[in-house]
> 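Sharing a structure, written as structure tokens. Questions coming.
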Amino acid sequence: MTGFDRKQMAARVAEDIPEGWFVNLGIGIPTMIANYVPLEREVILHSENGILGMGPAPAPDRVDPWLVNAGKQAVTLRPGGSYFHHADSFAMIRGGHIDLCVLGAFEVAANGDIANWATSENDSAPAVGGAMDLGAGAKRLWVVMEHTTKDGGHKIVERCTYPLTTPGAVSRVYTNLGVLDVVKGKGFVVRDLAPGVTFDQIQAASGAKLHTN
Amino acid sequence: MTGFDRKQMAARVAEDIPEGWFVNLGIGIPTMIANYVPLEREVILHSENGILGMGPAPAPDRVDPWLVNAGKQAVTLRPGGSYFHHADSFAMIRGGHIDLCVLGAFEVAANGDIANWATSENDSAPAVGGAMDLGAGAKRLWVVMEHTTKDGGHKIVERCTYPLTTPGAVSRVYTNLGVLDVVKGKGFVVRDLAPGVTFDQIQAASGAKLHTN
Amino acid sequence: MINKIVQSMADAMAGIKDGSTVLIGGFGAVGQPDHLIEGLIEQGATGLTCVANNAGTGRVGLARLMELGRVRKIICSFPRSAGSVVFEELYRQGKIELEIVPQGTMAERMRAAGAGVPAFFTATSVGTILANGKEQRDFNGRTYVMEHALKGDVALVEAWEGDRWGNLTYRSSGRNFNPVMAMAADLTIAQVMHIRELGELVPENVHTPGIFVQRVLRIDRGPAWA
Amino acid sequence: MINKIVQSMADAMAGIKDGSTVLIGGFGAVGQPDHLIEGLIEQGATGLTCVANNAGTGRVGLARLMELGRVRKIICSFPRSAGSVVFEELYRQGKIELEIVPQGTMAERMRAAGAGVPAFFTATSVGTILANGKEQRDFNGRTYVMEHALKGDVALVEAWEGDRWGNLTYRSSGRNFNPVMAMAADLTIAQVMHIRELGELVPENVHTPGIFVQRVLRIDRGPAWA
């Protein structure tokens, strides 16, 4: 079983983003997706901290200390980009103006629930950031993550065991093993398998029933 | 009985506005108040349609068609002025950031109620504009108006008979006969009499009991 | 390449359906998308609910749209401007429905729609007939009414500059309701005085980011407004 | 003459009382009023409730204020940044209260405070433990939670330019929470990189009108930020 590495996962997501979409990318693998959307396919990246039209990371000698993304990394602004304040930024999110948000996750459930912010209800000080706003507000929520935890635990599950970020929000999951759609009333449907991965293998690595078609 | 004319009423209000206040002036006599605040006493005028720092009317050959006040008259902008949209403009009002609003009125009652937008509950299509937002939102609401209607009817009343704009909001009334404070639990208190006007005369012209001191 | 700039009024108006709620920017003549309103008259959609600060003046623009019987309902704060003759006539004859909304509540209801807030509380109109039938509630000892988001199917806005991503700037008091309405509608159509190249607008000073705008049409309003 | 420009940090900090709610702008280091936080440490007010996106990093700034025992409670969206060691320590020891708020809800709660809206509804956090104990309600078939305005006694903000009327502009992503916090506090204090003459700022491009700002202090953040 080969599967995708992290870069290939990011590239696989990037393939599916059409020109003209407003897209918010979470921290981690989601951030890497931007590297695989060619600049001539105009996808407009949104950042919670008040940016539309984010561009790639700057050359080390051209870093602008005033310009960071939601992960606090130096970025650039494309021609046509704009800045605005946090309430306007989240008006875009909450108001349903963002076509797509891609987040990482601890778990995604067959009913579209996502858990990505806290590992226990007793977590001493969980950091939620903008994840709940994005989960509830974006038109579509996709997840990109490793198919299992490092010690083989399930992240594709029937029901989330960790505290939810947003119920019923995820419509697609990209992992190192393949691409799953989350279909209402049905659950996970395998849309695509990573190179060298069989259905049986991806099913075996999942804590929920996977469907074909 | 001499009393104030309209210009003198406006000038009398202007006397009481200290430097540094943010002030919204309604249509009619209130608009004229601006003419009597010397530019060197910096009072910052707000207009509902998204202006702070309004200046006097322009010379006829210097009218900017993009720049009007809430009464749709051509105005100017002072150095330090700014433009913003309607939701931000009313955030300033509703959020209690405007120090003073001065409106005209049909009636002001002893409990501070103001009626200035409709003359009947069955009014076919009353025009409320921003009056209710200003009444409810400004830190202080003053009224400037003729003391009585043209045919001698009362505008200073115990209880408003016209539909209210805002209950209990008015703290001071300037009329052609004098200046009245509206004091909670007491009612109208004469603060100042116009030249040549006696207490008995202003009381006779009022539909509510007036107090002294 | 994203290109929201349309070349004709017909393209600008394409797909506006009968029964739509149409938000119309402007405060009096300033910031009013005159040409787009003419375009809507031409386009033919009917049974409209129009949201605008005023109910039209004279017999042109919004007043003309009403006179043609195309407006079922108007939501506004100030129907009775000087010269709102058409509205007054239709209203007296019971041919148009009216919803009076305080100006700030109207702006905030649209901002709420754009920001994904279905309802909010305001002290405006408490204790008046405009609060009749509305839910009231006390917070910290003061009474507020609950107001609902006001969403548009279409917004017609006027701006000073626009680019192919739909970014807009406004001039002076021409801004007024336009940015709020642009946020609140599914289809926002902007008439602009100037088309700018992508990147010409200063990113800090874009007043309406292109995410809120679907179509941009250049209009020559004539030398008085230039 | 109105002059909101103050000449010293002591003047900037004058009158901040024990027990105040202090809104602190910035997103990470960007747009963070570092110097004003140092000024607040110096000034001495204690028993503070601080509202900021993060809970401080290292042992300077907000973290230092907490370490000195001056912060009773922190309201934030992301307490666990890399290096938020002081907060973690105090929190584990039960020496600081924490209120976690989703980032957009936090921004909107402050915007609501500034705009005179005591409460509003949002879908954010519905179905999660952060909605526990909050009033919920359906609008058009979807469930929302009610959130309350979040008001500050004091806001510390960072801006790029400021003038004597208190008008501010922000640079690039340094804007973030600053304009919203400026609206939401009774006393807004801005540290700015540049003081401009009245009238130098373009009226269309003032980002925070002076009505929301009480004091402006020029700070030299050094060449990296210039």
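All values derive from a computational prediction rather than experimental measurement. Naming convention: chains lettered A, B, ... in sequence-line order (proteins, then strands); numbering from 1 in each chain.
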> Out of curiosity, A:Lys72 NZ to D:Phe78 CZ, how far, rounded to the nearest 0.5 Å?
6.5 Å
> For A:Trp66, is the NZ or CZ atom of D:Arg221 found under 6.0 angstrom from the centre of its six-membered ring and inside 45 degrees of the ring axis?
yes
> Heavy-atom pairs under 4.5 Å with chain D - which of A:Gly50, A:Pro167, A:Gly168 has more of them than the others?
A:Pro167
> Is it the case that more than 12 heavy atoms not belonging to A:Lys139 sit under 6.0 Å from its NZ atom?
yes
> Closest approach of A:Leu67 and D:Ser172, non-hydrogen atoms and distance?
CB-OG, 3.6 Å
> Which heavy-atom pair separates A:Val128 from D:Pro102 by the least distance, and what is that distance?
CG1-CA, 3.8 Å
> Of all the heavy-atom pairs spanning A:Asp133 and D:Gln103, show the shortest one and how long it is.
OD2-N, 3.3 Å
> State whether a side-chain donor-acceptor pair under 3.5 Å links A:His86 with D:Glu108.
no
> Would you mind checking which part of D:Arg142 comes under 4.5 Å of any heavy atom in chain A, side chain (CB onward), backbone (N, CA, C, O), both or neither?
side chain
> Using non-hydrogen atoms only, which part of A:Pro65 is less than 4.5 Å away from chain D: side chain, backbone, both, or neither?
both
> Answer yes or no: is there a side-chain heavy-atom contact under 4.5 Å between D:Ile129 and A:Trp117?
yes
> With only heavy atoms counted, which part of A:Asp113 is less than 4.5 Å from chain D, the side chain, the backbone, both or neither?
neither
> Exactly one of A:Leu77, A:Val75, A:Asp64, A:Val68 should register a side chain to side chain contact (heavy atoms under 4.5 Å, CB included) with D:Ser173. Which one does?
A:Val68
> Select one option (side chain, backbone, both, neither) describing which atoms of D:Tyr170 are under 4.5 Å from chain A's heavy atoms.
neither
> Give me the atom names and distance for the closest heavy-atom approach of D:Phe27 to A:Asn69.
CE2-O, 3.8 Å
> Which atom pair, heavy atoms only, marks the closest approach of D:Gly104 to A:Arg94?
O-NH2, 2.9 Å
> I need the A:His85 NE2 to D:Met110 CE distance, nearest 0.5 Å.
11.0 Å
> Between D:Glu99 and chain A, which part of the residue has a heavy atom less than 4.5 Å away: side chain, backbone, both or neither?
neither
> Counting only heavy atoms closer than 4.5 Å, note whether D:Asn54 contacts chain A via side chain, backbone, both or neither.
side chain
> Quick check on A:Thr165 against chain D: is it the side chain, the backbone, both or neither that has a heavy atom closer than 4.5 Å?
backbone
> Take atom CG of D:Asn140 as the centre, draw a 6.0 Å sphere, and report whether it contains more than 12 heavy atoms from other residues, nucleotides or ligands.
no
> Does any backbone or side-chain atom of D:Arg111 lie under 4.5 Å from a heavy atom of chain A? Answer side chain, backbone, both or neither.
side chain
> Looking at D:Lys134, I'd like to know if its NZ atom is crowded, meaning that more than 12 non-hydrogen atoms belonging to other residues, nucleotides or ligands lie closer than 6.0 Å.
yes
> What part of A:Phe90 gets closer than 4.5 Å to chain D, counting heavy atoms only: side chain, backbone, both or neither?
side chain
> Please confirm whether the backbone N or O of A:Leu164 pairs with a side-chain atom of D:Thr128, one donor and one acceptor, at under 3.5 Å?
no
